[in-house]
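A quick write-up on the structure given underneath.
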Amino acid sequence: MNFEEWLSADRIFITVAVIATLLLFLVSVLIGVTTRRRQREAMDRFKYRPRKHLMVGNSKQCFQILNNLFGQKFYVIPEVSLSSLLSHKVGVQDRYTAYRFIDGKSVDFVLCNKQSLRPICAIKLEDGIQNDEKDPGSDPHNMEKFFRSAHIPFIYLTKTQHLTEDYIIEEFSRVVYETSKIQPAPRGRRPKK
């Protein structure tokens with residue numbers, strides 16, 4: 001095989017590769033356009049209606065008790081995600097992993113200061129569902145660690161069948177006292193050793 005034959009074969013190979021790449025690009029664009037069109041058509045087919053109740057059962061009862069107890073001074077906000085409450089951007093830690101622990105998780109209620117909207121405490125109701133061990137951070141005891149590091153009281157109400165004002169006040173008092181004893185982390189740079 002001489003140089004001219006080799007060059008001719010090389011040009012054929014390059015031409016075939018370019019055509020194959022263009023065809024692959026066109027097919028992927030067509031698939032994307034078709035998928036979007038199907039999604040838009042599906043959105044037009046589906047109908048929705050409002051739910052009759054935003055909360056039912058223990059959640060509704062707890063919401064009403066919390067509003068009776070604290071509604072004059074604080075907003076009671078239901079279903080708040082941990083990523084809305086806690087910042088994972090702390091120091092030089094692995095931010096991606098820290099975020100993954102709180103992503104997709106929520107607490108049942110948050111009490112917020114009415115003027116500043118600063119979270120005052122988070123409340124989680126026991127739901128009787130076993131937490132998936134493959135999803136780290138979903139266990140309420142792990143959530144408590146997250147809130148403790150942020151110095152936000154975390155109240156985990158386990159007696160959801162017996163929610164009373166006295167039970168909630170007792171749990172609030174205990175948790176707020178325990179949280180107040182935590183020493184804040186020192187601010188600024190760490191001293192060099």
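What you see below is based on every heavy atom in this structure, not just the backbone, and it leaves out hydrogens, waters and symmetry mates. A quick note: this is a predicted structure, and the numbers were derived from the prediction, not measured.
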To the nearest 0.5 Å, what is the distance between CG on Leu157 and SG on Cys62? 5.5 Å

For Tyr156 and Glu144, what are the C-alpha separation, side-chain angles and deciding distance, and is it a side-chain contact (heavy atoms from CB on, under 4.5 Å)? CA-CA 8 Å; Tyr156 181 50; Glu144 181 179 7; over 6 Å; no

Ring pair (Phe, Tyr, Trp, His ring centres under 6.0 Å) against Tyr167, all qualifying residues, sequence neighbours excluded: none

For residues Leu85 and Val90: do they belong to one hydrophobic cluster (side chain heavy atoms under 4.5 Å, members Ile, Leu, Val, Met, Phe, Trp, Tyr)? no

Is a side-chain donor or acceptor of Ser84 paired with a backbone partner of Val80 at a separation under 3.5 angstrom? no

For a quick test of reading the model, state the closest non-hydrogen atom pair linking Cys121 to Phe172 and the distance between them. SG-CE2, 3.4 Å

Just jot down the ring pair (Phe, Tyr, Trp, His ring centres under 6.0 Å) partners of Phe74, sequence neighbours excluded, or say none. none

Can you list every pair that meets salt bridge (Lys or Arg N to Asp or Glu O under 4.0 Å) and has a residue in residues 22-39, with sequence neighbours left out? Arg37-Glu41

Got a sec, which residues hit salt bridge (Lys or Arg N to Asp or Glu O under 4.0 Å) with Arg49, two or more places apart in sequence or on another chain? none

Considering only residues two or more places apart or on different chains, which pairs with a residue in residues 162-171 satisfy salt bridge (Lys or Arg N to Asp or Glu O under 4.0 Å)? Glu171-Arg174

Would Lys124 and Phe147 count as a side-chain contact (heavy atoms from CB on, under 4.5 Å) here? Give the steps. CA-CA 12 Å; Lys124 180 90 175 153; Phe147 283 100; over 6 Å; no

Using side-chain contact (heavy atoms from CB on, under 4.5 Å) as the criterion, list what pairs up with Leu26, not counting sequence neighbours. none

Is it true that a side-chain atom of Lys105 and a backbone atom of Phe101 form a donor plus acceptor pair closer than 3.5 Å? yes

Give every residue pair that meets the ring-ring contact (aromatic ring centres under 6.0 Å, His included) criterion with at least one member in residues 26-62, sequence neighbours excluded. none

Given the options Leu66, Leu69, Ile65, Val110, Val76 meets side chain to side chain contact (heavy atoms under 4.5 Å, CB included) only with Leu66

Can you give each donor-acceptor pair under 3.5 Å made by side-chain atoms of residues 111-120, sequence neighbours left out, with the distance rounded to 0.1 Å?
| from | atom 1 | to | atom 2 | distance (Å) |
| --- | --- | --- | --- | --- |
| Asn113 | OD1 | Gln115 | N | 2.7 |
| Asn113 | OD1 | Ser116 | N | 3.0 |
| Lys114 | NZ | Gly71 | O | 2.8 |
| Ser116 | OG | Arg118 | N | 3.2 |

Could you check whether any side-chain N or O of Thr34 sits under 3.5 Å from a backbone N or O of Leu30, counting only pairs where one atom can act as donor and the other as acceptor? yes

Could you state the interatomic distance from CG (Asp108) to CD1 (Ile123), rounded to the nearest 0.5 Å? 8.5 Å

Which residue pairs satisfy the ring-ring contact (aromatic ring centres under 6.0 Å, His included) criterion with at least one member in residues 80-99, sequence neighbours excluded? His88-Tyr99

Would you please name every residue forming a side-chain contact (heavy atoms from CB on, under 4.5 Å) with Lys52, sequence neighbours left out? none

Connecting only ILVMFWY residues whose side-chain heavy atoms lie within less than 4.5 Å of each other, what is the rest of Leu23's hydrophobic cluster? Ile19

Any side chain to side chain donor-acceptor pair (under 3.5 Å) pairs touching residues 60-80, not counting sequence neighbours? Glu79-Ser106

Apply the test ring pair (Phe, Tyr, Trp, His ring centres under 6.0 Å) to residues Phe146 and Phe154: give CA-CA distance (whole Å), side-chain angles for both, the deciding distance (0.1 Å), then the verdict. CA-CA 9 Å; Phe146 304 153; Phe154 175 76; 9.3 Å; no

Might you point out which heavy atoms bring Ala122 and Ile152 nearest each other, and give the distance in Å? N-CG2, 4.3 Å

Evaluate the side-chain proximity of Phe63 to Leu54: yes if any heavy-atom separation is below 4.5 Å, no if none is. no

Rounded to the nearest 0.5 Å, how far does CG of Leu125 lie from CD1 of Ile155? 11.0 Å

